[in-house]
Amino acid sequence: MPFAVVLGKAMTELPRDLYIPPQALEVFLEAFEGPLDLLLYLIRRQNLDILEIDVSAITEQYMRYVELMDAMQFELAAEYLLMAAVLAEIKSRMLLPRAVDTDDDEEDPRAQLIRRLQEYERFKKAAEDIEELPRVERDTWVGSAEPPDLNRVRTDAEVDMRELLLALGEVLRRADMFESHHIQREALSTRERMSEVLEKLSGRQFVPFVALFSASEGRLGVVVTFLAVMELIKEALVEIVQTENFGPIHVKARSE
Amino acid sequence: MSETSTTLIQILEGALLAAGRPLTVAQLGELFEEHERPPNADLREALGVVAERCTDRGFELVEVASGFRYQVRQSLSPWVGRLWHERPQKYSRAMLETLALIAYRQPITRGEIEEIRGVAVSSNIIKTLHEREWVRIVGHRDVPGRPAMYATTRQFLDYFNLKNLDQLPALAEIRDLETLNAELGFNEPLPAAAAQHAEVENLSGPDETSPDHGMTH
Amino acid sequence: MSETSTTLIQILEGALLAAGRPLTVAQLGELFEEHERPPNADLREALGVVAERCTDRGFELVEVASGFRYQVRQSLSPWVGRLWHERPQKYSRAMLETLALIAYRQPITRGEIEEIRGVAVSSNIIKTLHEREWVRIVGHRDVPGRPAMYATTRQFLDYFNLKNLDQLPALAEIRDLETLNAELGFNEPLPAAAAQHAEVENLSGPDETSPDHGMTH
């Protein structure tokens, strides 16, 4: 599978020589997980063991990549620049005559670099190993079967009214952030009645308007039912039908 | 039995166990590339063997309306049922929010709840609310898809010791939870679990603990 | 096999399938009333029989970190995988390398991961690992900023079919720097400090271990 298409030409592998078509540079860099990965690639391309790297040659190559990136006006990742500095330091040290008894506290940057490369390579490999492990949802699936009918002693979770209110308060706060929702205070008895009316209407064609009211509920009950029907009409949940003047009024759920 | 059909049988066994839902003969056929797909007669024959191989097992192969599935033997329910005897799990915040919106905004559709909450409402939540008989469908909105409209039930009122919905605290008060706590006479601090519900973001289904807040049940 | 143990085996088979998740020996024991609960040794023996009864089947019994579970044989994945239309998720190298570091070097901070990988670890990766419940925070390192320390979870082990961390593929050995010094492109011997580090390296990570407490893995 090509990892990049450059000037209409599919590139199937990383370039063998140092020259990278500038258009491919970005993709090329994305193929690496950072400066250590790039360095490892440069070393491997020379078929070298990490321990045998010619720091000088690798530094040259790395620097030319970095320069190329710079020329491309890439915003160089700090990590790549930092590595360039490390390599530059190593190179400069190698050019200088070495004092026989340097302070022991300071570690040789070459050894440090090699160790970092080795350490990184171990985990690069470990990541590949993990990728190979048989995994659920790709290589295997956990088996299950339909449980038998259970006379489950249902132990339902307890809910405290405060939890419910807390949850609602949370939704409202969130909803406030999206200003399109406004939940204003309304008489809940109307809402409750709306549900009841809808239920009465469900599965039936037309229900006489008067059948929705019950005298036993008294004046307040009638008012609540009336408000509920009005609200249902407003929300286009029911429609009112009257076939002739002063004829009986019927109510019908819109969707039935 | 030929070697190919042994593989066929194993494929069916594996698929039925992995699916966790009934599979039709046609669906089982689709496990194979077109050129290697066994004829339905072979599939049915292999299913027969799969069923036979359950003799004396804790599970059996049954055919239900939507296909074939493995099912745990009914005789084992006294033991298997204990798997579900664990302490009840706390309801998720998603579930509580859904219930609260149904109570305060009924009749309301799932889509409307989702719009207010800003996230999808899982089918599990609706199912649980139905199972507890706290909500019911009171009709369908006359819009494309004819979504069901939910309302709360008498059982809901009973559970929360309410005579009617008017006894629920007014929405305006809920915005100020501290005042609310005081007004409702909740002087003790909220149960830890409830407070944590507010933290755990959007868990649907039974509450799971995220690794960050090591909460104990 | 006695009659009781046939029932025992069937109960285990049924429970494992009904659960659809790994069950520990202790959890399996809890399927029984206290007075009839089989000793763990019997349960383990019965589990052995359950496993044997999977010979030649499309599924097998395996033990992972959270217990025993039935799972589909890997060889069947080309067919069984077709049950799902989406292709299994691919994980980026950055994510796998981060996961590898957490798995092998836990507890480890983000800064330590970045040090070894040589690049920043994106917050998205950490978030995804959390969401998958593969990693959790196990504490905070007592250094400025008190960075969180990450470790892997049982779910991580379950997902990758592992019983414990020991089952992870062995980390590649690192050759001893000292003895290979001659092979290096360097002409002069390494300074003492570097050599010392090289020794430590073989024992522990690049972590803050000083040569004094060489901890073994």
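Residue numbering restarts at 1 for every chain, and letters A, B, ... go by the order of the sequence lines. Note that the coordinates shown come from a computational prediction; the quantities given were computed from them, not determined experimentally.
Looking at Ala15(C), neither its backbone nor its side chain comes within 4.5 Å of chain A, counting heavy atoms on both sides. There is no contact between Phe59(C) and chain A, counting heavy-atom distances below 4.5 Å. The contact between Gln89(C) and chain A is made entirely by backbone atoms, counting heavy-atom distances below 4.5 Å. Proximity to chain A (any heavy atom under 4.5 Å) is shown, for Leu76(C), by neither the backbone nor the side chain. With a 4.5 angstrom heavy-atom cutoff, Leu83(C) does not touch chain A via any of its atoms.
Between Asp37(A) and Arg117(C) there is no salt bridge, since no side-chain N of the basic residue sits under 4.0 Å from a carboxylate O of the acidic one. At a threshold of 4.0 Å, the pair Arg122(A)-Glu97(C) does not count as salt-bridged, since none of the basic side-chain nitrogens sits closer than that to a carboxylate oxygen. Under a 4.0 Å N-O distance rule, the pair Arg105(C)/Glu119(A) qualifies as a salt bridge.
Minimum heavy-atom separation, Glu33(A) to Ala94(C): OE1-CB, 3.2 Å. The minimum heavy-atom distance linking Asn161(C) with Thr140(A) is given by the pair ND2-CG2, 3.6 Å. Looking at every heavy atom in both residues, Ile116(C) comes nearest to Phe123(A) through CG2-CD1, 4.0 Å. Taking both residues in full, the closest heavy atoms of Ala100(C) and Ala127(A) are given as CB-N, 3.8 Å, listed atom of the first, atom of the second, then distance. Residues Asp129(A) and Pro169(C) approach most closely at CB-CG, 3.6 Å, considering heavy atoms.
Counting heavy-atom pairs under 4.5 Å between each of Ala103(C), Pro88(C), Ala170(C) and chain A puts Pro88(C) at the top. The candidate from Glu132(A), Glu128(A), Glu131(A), Lys125(A) with the greatest count of non-hydrogen atom pairs under 4.5 Å with chain C is Glu131(A).
Under a 3.5 Å cut-off, the side chain of Tyr159(C) and the backbone N or O of Val136(A) do form a donor-acceptor pair.
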Next on the checklist: Run the side-chain contact (heavy atoms from CB on, under 4.5 Å) test on Val142(A) and Asp158(C) for me, step by step, so that the C-alpha distance in whole Å, both residues' side-chain angles and the decisive distance to 0.1 Å come before the verdict.
Outcome noted: CA-CA 10 Å; Val142(A) 179; Asp158(C) 290 350; over 6 Å; no
Next on the checklist: Run Lys90(C) and Glu137(A) through salt bridge (Lys or Arg N to Asp or Glu O under 4.0 Å) and show every step you take.
Outcome noted: CA-CA 11 Å; Lys90(C) 279 285 280 175; Glu137(A) 288 163 1; over 6 Å; no
Next on the checklist: Quick one, Ile130(A) with Leu99(C), criterion side-chain contact (heavy atoms from CB on, under 4.5 Å). Give me CA distance, side-chain angles, the key distance, then yes/no.
Outcome noted: CA-CA 9 Å; Ile130(A) 286 182; Leu99(C) 181 62; 4.3 Å; yes
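Between Tyr91(C) and Arg135(A), some side-chain heavy-atom pair lies under the 4.5 Å cut-off.
Ring planes of Trp84(C) and Trp141(A): parallel class, angle under 30° (limits at 30 and 60°).
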